[in-house]
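Everything on this sheet refers to the single structure shown next.
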Amino acid sequence: MLSTIVDYIEEIKDQFVPIIAKAEDEVEEANDGDDDDDEDEDEDEDEDEEEEEAKDQYDELREECLQTDKGKALKHHYDECVARVQMQKEQPGYEDLENKEDCVEEFFHLQHYMDSCAAPRLFSKLK
Amino acid sequence: MFSRSILSRMVSKTTTRQVSTITGKTAKSVNNKFLITGAALTGITASGLLYAESLTANAMTAAEHGLHSPEFDWPQNGPFSTFDHASIRRGYQVYREVCAACHSLDRVAWRTLVGVSHTNSEVKDMAEEFEYDDEPDDNGNPKKRPGKLADYIPGPYPNEQAARAANQGALPPDLSLIVKARHGGSDYIFSLLTGYPEDAPEGVTLPVGSNYNPYFPGGSIAMGRVLFDDLVEYEDGTPATTSQMAKDVTQFLNWCSEPEHDERKRQGLKAIIILSSLYLLSVWVKKFKWAGIKTRKFTYTPPKPRK
């Protein structure tokens with residue numbers, strides 16, 4: 001009961017505190033463990049580009065959109081959520097939790113932005 | 001959340017009203033202020049409980065409705081634009097080589113393809129590759145014959161049970177009218193085909209044998225990603241990327257759903273031209289029809305007063 005009220009107050013606080021500013025504060029601690037992984041992924045992508053000549057146009061546009069400021073911010077939010085959920089998963093008693101968090105909303109926000117950014121430009125690149 | 005707070009407010013209001021009537025009957029023996037504080041406390045407790053409930057409630061979520069597909073620049077989008085028929089032809093190839101393994105196209109006959117995407121002889125050859133039931137011979141034994149233009153495109157399974165048995169209980173929908181049958185139409189089909197992420201978002205648990213697709217309401221879809229780069233080889237040399245194949249097959253399925261589309265727009269244009277010129281003509285004719293009436297003049301000559 002008390003925890004829900006605390007959550008409620010937290011939510012009200014979130015309404016007024018700018019989210020991006022908050023995210024910047026937590027960048028370092030959230031990314032501590034992920035830095036290595038990110039670098040690996042980047043390397044993989046570079047290799048793929050060299051191997052395949054014809055790359056999917058939609059994927060290319062989506063990657064471009066991911067590199068914009070808004071795309072980066074949304075990706076950061078999603079990564080933060082992933083880290084949070086992974087932490088929850090490692091804690092004991094996760095299986096028995098009544099309410100398990102997922103990152104669908106963060107994923108939707110990111111995907112929706114990438115769609116609205118990539119979709120209008122896609123069909124001019126297709127035959 | 002909003003509706004819940006309204007609800008709790010309503011609850012607190014009704015309790016106040018009920019209690020105040022009771023006080024009226026019991027000769028105002030209880031302090032009014034005490035009752036109001038009680039009602040307010042009840043209201044706050046109720047909204048707290050409802051909020052706690054809303055945290056675990058799993059309804060009306062974004063995941064349940066699916067991600068809304070963006071709008072794409074389809075060739076047929078303009079009021080006078082038609083389908084891209086080269087794309088329909090490529091789309092049929094994608095359907096035949098990829099989708100037809102699971103999805104039927106029951107309501108489309110071979111003959112409808114003639115002059116749309118293929119020539120008469122090409123469609124005849126395509127139909128002849130399939131066997132259809134023929135009339136029994138003189139001894140009553142069932143016979144088979146090669147397909148002809150009037151036949152409908154055969155599906156991969158003889159019936160629904162066979163289709164479900166082959167797909168872990170999931171029924172691949174018939175694609176004849178799928179573009180009309182889904183909210184978002186072509187945009188949705190295209191997004192669905194190209195929108196399989198590499199991994200499901202963290203924390204999402206999928207049923208066994210299902211895949212994650214954000215555009216599919218609920219997120220868990222039995223169909224896996226089927227389109228990959230260079231899966232088919234187009235006869236016109238178009239690079240077969242995932243999005244190119246998705247665009248072509250969606251264009252083909254849109255034609256299946258609306259085979260009258262191009263003709264409808266042509267007829268509509270004709271109708272607008274003819275009807276508007278007839279209308280203008282009638283306005284012009286009306287001038288002459290009414291000329292006599294409009295130029296009529298009524299005069300009144302009063303009788304001369306008697307002296």
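- B:Asp73 and A:Phe123 get closest at one heavy-atom pair: O-CD2, 3.1 Å.
- Looking at B:Asp187, there are no atoms closer than 4.5 Å to chain A (heavy atoms on both sides), in backbone or side chain.
- For B:Tyr215, the part lying under 4.5 angstrom from a heavy atom of chain A is the side chain only.
- Interatomic distance, B:Asp199 CG to A:Phe107 CZ, rounded to the nearest 0.5 Å: 9.5 Å.
- Side-chain contact between B:Tyr212 and A:Val104: present, with at least one pair of heavy atoms (C-beta onward) separated by less than 4.5 Å.
- Both the backbone and the side chain of A:Leu126 come within contact range of chain B, each with at least one heavy atom under 4.5 Å from a heavy atom of that chain.
- Residues A:Ala119 and B:Phe72 come closest through the heavy atom pair CB-CE2, 3.5 Å.
- No side-chain heavy atom of B:Thr205 sits under 4.5 Å from any side-chain heavy atom of A:Lys100.
- Within the 3.5 Å criterion, the main-chain N or O of B:Thr242 finds a donor-acceptor partner in the side chain of A:Asp56.
- Counting heavy-atom neighbours within 6.0 Å of B:Asp236 CG, excluding the residue itself, gives a total above 12.
- Looking at A:Arg84, there are no atoms closer than 4.5 Å to chain B (heavy atoms on both sides), in backbone or side chain.
- Between B:Pro201 and A:Tyr78 the shortest heavy-atom distance is CA-OH, 3.3 Å.
- Residues B:Leu67 and A:Gln111 come closest through the heavy atom pair CD2-CG, 3.3 Å.
- When every heavy atom of A:Gln57 is checked against every heavy atom of B:Thr241, the shortest pair comes out as OE1-OG1, 2.7 Å.
- For the pair B:Glu202 and A:Lys89, the tightest heavy-atom approach, listed with the atom from each and the gap, is OE2-NZ, 3.0 Å.
- In terms of modelled atom types and a separation under 3.5 Å, the side chain of A:Lys127 and the main chain of B:Pro239 share no donor-acceptor contact.
- Surrounding CD of B:Gln76 are more than 12 heavy atoms belonging to other residues, nucleotides or ligands, all under 6.0 Å away.
- Taking B:Ala62, B:Ala240, B:Ser243 one by one and counting their heavy-atom pairs under 4.5 Å with chain A, the maximum is reached by B:Ser243.
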